[in-house]
Amino acid sequence: MSAPERIPPERMSGTASRSAAQPAAETTRRLIAQGTLTVRGQITEASNAVLFGTVEHEGIVLPCVYKPVAGERPLWDFPDGSLAQREVAAYEVSRATGWDLIPATVLRDGPYGTGMCQAWVGEPPDAPETGSAEGAGGDDSEDGTPQDGGQQGGAEEDGSGTGPAPLLALVGEQEPGEGWKAVGFADVGGGRTALLVHADDPALRRLAVLDAVINNGDRKGGHLLPRPDGTLYAIDHGVTFHVDDKLRTLLWGWAGEELTGEAVEALRTLSGELAVGAELAARLAELLTDAEVEAVRGRVEALLSSGAHPLPSGDWPAIPWPPV
C-alpha cells in the first residue's frame, strides 16, 4: 500500500454500542419488515437522507435507521437509486456466512417512499444523555470527495469504566505491538507520520473477509460498532457489489495472509448458497444486477482458490477518505 495516506492524527476506534438483543437475528428482521415505521428525526451528519425512527409490531418497539431511496445522492459509478438494495444485499450475505456482522436490514415502504430500514445498534439518539444524534452514516461519493458520515450508538462502558477495547489506532512505533496488525504509515501533518494499526481481532478478521466478498468500497472506522461483550456490528454498505474491484478499507492488516479455517468454511457455504437457483442467489437477484451477482460468485471462488486475504489492487485508493 502506498504511503503516506493523510488521516486525522487522533486515536480512532469504532464507538461502543448498546442494543436490543440479537440485532442481526431473523426475528429482528421480521419486526422491522412488518412493523409500523415512524420517523422521529433526521441524522444531519450524513451525506444522504438518513432518518432515525422506530418500528412497532405486536407491542414491541425497536429503534431503526431508515434511508429512503428518494434521498440518495447520485454517485458517478453506481446506478442511481441502488444504494438501499445494496445495503440489504450485504445483510443477506452476512446472514449466509453465519457471522451476523450486519444488523437486520430490509427494503420496505416508509413515510418517504421505499427505502432501506435497519435495526439500530446502540443507544437511540433521543435517549437521555446520549449527546448529539448520530446514526447510520451516509455513503460517500466515489470520486474521492470527503463526505461526513454518522455512526450508530453512543459510548457505552462495560462496567469496568473502559468500554470495549479499541479496534483502530495511530501509533508512533515502526512496528505494531502485540495484538495489532499494521495497515501502513500515515501522514498526520507537520511532516510527521504514524503507523495505522487495527486490532488482530477474530470478529474484525471475519469482517475483512465479508468486505472482500461484497467488494466494500468504504470500510471506515466509524462504520465499526463493537460492543463490550466482544460482539461486532458493521454499518453503511451502500457502496458495495460493484463488478469492478472497489475494495477500499482500513482492514488491510491481514492482506496476503492465509485465510482461517473458519473463513474457508464460510466461503464454501456461500459458494453453495450462490449457486443458480439457491435461496441466497434468488434473493440477491432481486436486489442486484445479474452481472453483480455473478461477480459475487467470482470473488468467493477467487478467495477459495487463493486461500488468502486479498491484496490492494493498486487500481483504486486502498484506504477510504475520510477514514473515520
Contact list for residues 88-116, test salt bridge (charged side-chain N to carboxylate O under 4.0 Å, His left out), sequence neighbours left out: Glu92-Arg283, Arg95-Asp100
Side-chain heavy-atom pair Cys117, Val106 within 4.5 angstrom cut-off: yes
Atom pair CD (Glu58) and CD (Gln34), whose distance is rounded to the nearest 0.5 Å: 7.5 Å
Donor-acceptor under 3.5 Å (Thr54 side chain, Val61 main chain): no
Criterion side chain to side chain contact (heavy atoms under 4.5 Å, CB included) on Leu224 and Leu250, from CA distance to verdict: CA-CA 11 Å; Leu224 306 176; Leu250 293 181; over 6 Å; no
Any donor-acceptor N/O pair, Tyr112 side chain to Tyr66 backbone, under 3.5 Å: no
Reported CG-to-CH2 distance for the pair Asp211 and Trp252, which is rounded to 0.5 angstrom: 9.5 Å
For Tyr91 against Ile102, the heavy-atom pair lying closest together: CD1-O, 3.4 Å
Side chains of Arg299 and Phe241 in contact at under 4.5 Å (non-hydrogen atoms): yes
Test item: Glu72 side-chain N/O and Leu83 main-chain N/O as donor-acceptor pair under 3.5 Å: yes
Shared hydrophobic cluster for Leu210 and Leu259 (ILVMFWY, side-chain gaps under 4.5 Å): yes
Beyond-backbone contact of Val213 with Val296, side-chain heavy atoms, under 4.5 angstrom: yes
Straight-line distance of Leu284 CG to Thr289 OG1, nearest 0.5 Å: 11.0 Å
Rounded distance (nearest 0.5 Å) linking atom CG of Leu37 with atom CG of Leu62: 11.0 Å
Within residues 194-222 or reaching into it, pairs that qualify as ring-ring contact (aromatic ring centres under 6.0 Å, His included) - sequence neighbours excluded: His198-Trp254
Nearest non-hydrogen partners of Ala281 and Arg297, listed with the distance: CB-NH2, 3.9 Å
Check residues 263-277 and write down every donor-acceptor pair under 3.5 Å in which the side-chain atom is one partner and the other belongs to a residue at least two apart or another chain.
residue	atom	partner	partner atom	Å
Glu265	OE2	Arg268	NH1	2.8
Thr269	OG1	Glu265	O	3.1
Ser271	OG	Glu301	OE2	2.5

Backbone N/O of Pro103 and side chain of Thr105: donor-acceptor pair under 3.5 Å: yes
Side-chain heavy atoms of Asp315 within contact of Asp244, under 4.5 Å: no
Residue of the set His237, His242, Glu292 for which side-chain hydrogen bond (donor to acceptor under 3.5 Å, both in side chains) holds with Arg86: Glu292
Heavy-atom side-chain contact between Val171 and Pro176 under 4.5 Å: no
Gap separating the CG atom of Leu107 from the NZ atom of Lys67, nearest 0.5 angstrom: 13.0 Å
Full working for side chain to side chain contact (heavy atoms under 4.5 Å, CB included) between Lys246 and Val239: CA-CA 9 Å; Lys246 296 281 188 179; Val239 189; over 6 Å; no
More than 12 heavy atoms of other groups within 6.0 Å of Glu56 CD: yes
Any side-chain donor near an acceptor of the partner, Arg30 and His57, under 3.5 Å: no
Closest heavy-atom pair and its distance - Gly217, Arg248: O-NE, 2.9 Å
Nearest atoms (heavy-atom pairs only) where Val243 meets Ala295: CA-CB, 4.1 Å
Asn48 side chain vs Arg73 backbone, donor-acceptor pair below 3.5 Å: yes
Smallest separation among heavy atoms of Gly256 and Leu311, with atom names: N-CD2, 3.7 Å
Contact summary for Leu170 and Ala186, nearest pair of heavy atoms: CD2-CB, 4.3 Å
Side chain to side chain contact (heavy atoms under 4.5 Å, CB included) between Leu207 and Arg219, intermediate numbers included: CA-CA 10 Å; Leu207 185 60; Arg219 174 57 70 211; 3.5 Å; yes
Shared hydrophobic cluster for Val69 and Phe78 (ILVMFWY, side-chain gaps under 4.5 Å): no
Validation row: Gln85, Leu288 side chains within 4.5 angstrom (heavy atoms): no
Straight-line distance of Asn215 CG to Thr249 OG1, nearest 0.5 Å: 11.5 Å
Intermediate values then yes/no, side chain to side chain contact (heavy atoms under 4.5 Å, CB included), Val65 and Ile235: CA-CA 10 Å; Val65 171; Ile235 59 172; over 6 Å; no
